[in-house]
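Inspection log for the structure reproduced underneath, given as structure tokens.
Scope of the values below: all heavy atoms of this structure, side chains included, with no hydrogens, waters or symmetry mates.
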Amino acid sequence: MQKKRVSICAIAALFSTGVFAQDEEAARYDRALAAGYKAQFICSGLWNGGKALADIKADELTGIYDRIADIVPALTEEVDETARQVSVRFADDAPPRMAVWNHKTGCTAMPIGLDPAAGRTPVLPREFSDDRPWPMGDQNAVAPEPSRSAALTTAAERAFESKTYGGKTSAVMVIRDGQIQAEKYKPGHDLHTAQRTWSVAKSLAGTLIGHSVQQEMVDIHAPAKIAEWQDAGDPRAALTIDQLMRMSSGLISDTAGNRTDPVYMGGASVSQRATSWPLLYRPGTRFRYANNDILLSVLATQAQYPEHQNSDGKALSAKHGFDPYGFFQNLGMTRTYAETDWQGHYILSSQVWTTARDLGRLGILYLNNGTWNGEQLLPENWREYVSAPSGPQPQEGKFGYGATFWLMNQSDGIPKDTFAGFGNRGQYLVIIPSLDMVIVRRGYDSSENRFDIEAFTRDIVAAVPS
């Protein structure tokens, strides 16, 4: 009997030790994620957003994921203004989490232990075009007083009334007939303050893919050439960029929706993480909102460029490369930063920083059917493509889905051709071609206090002069 009692005690001790070790490891990982999140947001907020550190902590580092919400404030950051990098230590026996800035792609989160010099480029200034006429610059952007509607201005400014629409608004803007009809910012923000777009980045991804189609560099209906899927017999090799853009890949992942913690906070690369998931449904048959689909669509598009050569066998010139920075500069979106992982893959499911005016410029591009300054940057039918519900649709919620854009075609009081980019924490870009109108709303909402974009859009439409 004594031997039996010892055996049971030993097993219990081993079990409890194992559970403790797992709990300790999980807690350490959460601290590493929290440190990565804090380093990334401080880095981006300072040098992409042009914000003060105190404002970043008040706006960007509150109302965040429950998993890390209580850890982030307890971690201490070190900001190196000269090198433009942020370090946040999460454990005494490990290197700190680090984020490093560059003038083209903003801040890059480093894996634990990677020498930050590996991701650092010379600290160069950004080129802005503020003194050019709108929409390339900011001169004469606001419509003259006589052509502005008092009712429209009043309706737009009500976005800041939390009791009316909810949320915590930081910026609102209404563009009609190419000019700004209403514009307002919260204290501490102005026309040059950039915020993270969150999932409005998906609509930016769809735009950049459209530009690649216009350049004849990619076929969205052909199999996506994901290197990790090219083994003989891999059924994922047949997936198309179109299916990925429409959230109908059929792929499964550990979390549904828009959580991609290892990439967003953990320092993992897109190719390491997004390519690893198997099929659960036949592609093209089921809508499942997922960051991975957009990450993969951009990865596949980005991979097409090195394969293209001129007829003489020489590589195409640099202007034909997958270049979000150059594309945004050509649109006057000079304060828009599309960030990458440490391997150079764009995180265009969420990780873009931009201003309200830059989002307005993107909306104007769509109102103009992809034409900018006389140049066709998107295929002429791209607006129809991204706003067509030709894939499987969401089974819940008020809105349909096109290709990287949400559809507001079933909302009473809103024109049927309305489509939009939606992002976490209340980021919205609403495009209404029939009214020649763009609505931009930025915010710092929480999951408990969300902005009602449908009601706000309806009220803006109602205020349009007849």
I'd like to know whether [atom1] of [X] has more than 12 heavy-atom contacts from other residues, nucleotides or ligands below 6.0 angstrom.
X: E78; atom1: CD; result: no
X: E161; atom1: CD; result: yes
X: K186; atom1: NZ; result: yes
X: D177; atom1: CG; result: yes

*asked:* For R89 and E77: C-alpha separation, side-chain torsions, deciding distance, then whether salt bridge (charged side-chain N to carboxylate O under 4.0 Å, His left out) applies.
replied: CA-CA 7 Å; R89 188 167 293 282; E77 75 282 352; over 6 Å; no

Heavy-atom pair of closest approach, residues [X] and [Y]:
X: Q139; Y: D131; result: CG-O, 3.3 Å
X: S170; Y: H189; result: CB-CD2, 4.1 Å
X: V172; Y: A159; result: CG2-CB, 4.0 Å
X: V461; Y: I432; result: CG2-CD1, 3.9 Å
X: R196; Y: S350; result: NH2-OG, 3.0 Å
X: W277; Y: D254; result: CH2-N, 3.4 Å

*Among V298, T197, L429, which one satisfies side-chain contact (heavy atoms from CB on, under 4.5 Å) with L204?*
T197

Give every donor-acceptor pair under 3.5 Å between a side-chain atom in residues 30-38 and any protein atom, sequence neighbours left out.
from: D30; atom 1: OD1; to: R67; atom 2: NE; distance (Å): 2.6
from: D30; atom 1: OD1; to: R67; atom 2: NH2; distance (Å): 3.1
from: R31; atom 1: NE; to: F90; atom 2: O; distance (Å): 2.9
from: R31; atom 1: NH2; to: F90; atom 2: O; distance (Å): 3.3
from: K38; atom 1: NZ; to: V72; atom 2: O; distance (Å): 3.0
from: K38; atom 1: NZ; to: L75; atom 2: O; distance (Å): 2.5

State whether a side-chain donor-acceptor pair under 3.5 Å links [X] with [Y].
X: E339; Y: N48; result: yes
X: Y305; Y: S212; result: yes
X: N102; Y: T105; result: yes
X: S271; Y: Q343; result: yes
X: N291; Y: Y264; result: yes

What I'd like to find out is whether the side chain of [X] reaches to under 4.5 Å of the side chain of [Y], using heavy atoms alone.
X: F322; Y: V218; result: no
X: L251; Y: L296; result: yes
X: T275; Y: L299; result: yes
X: F399; Y: S411; result: yes

Run the salt-bridge test on [X] and [Y] with the 4.0 Å N-O cut-off and return the result as yes or no.
X: D341; Y: R273; result: no
X: D80; Y: R84; result: no
X: R357; Y: D138; result: yes
X: D293; Y: K202; result: no

Is there a donor-acceptor contact under 3.5 Å from the side chain of [X] to the main chain of [Y]?
X: Q376; Y: L378; value: yes
X: Q427; Y: N424; value: yes
X: R148; Y: A143; value: yes
X: R288; Y: G250; value: no
X: T154; Y: A151; value: no
X: N449; Y: G167; value: yes

*Could you check Y428 against T457 for side chain to side chain donor-acceptor pair (under 3.5 Å), going step by step and ending with a plain yes or no?*
CA-CA 10 Å; Y428 298 106; T457 301; over 6 Å; no

Cation-pi check, [X] to [Y]: give yes when NZ or CZ is under 6.0 Å from the six-membered ring centre and within 45° of the ring axis, no otherwise.
X: R246; Y: Y385; value: yes
X: R441; Y: F451; value: yes
X: R383; Y: Y366; value: no

_Whether Y337 and W101 hold their rings parallel, tilted or perpendicular, with breakpoints at 30° and 60°_ = tilted

*Not counting sequence neighbours, list each pair that qualifies as a salt bridge (charged side-chain N to carboxylate O under 4.0 Å, His left out) and has a residue in residues 390-411.*
K398-E454

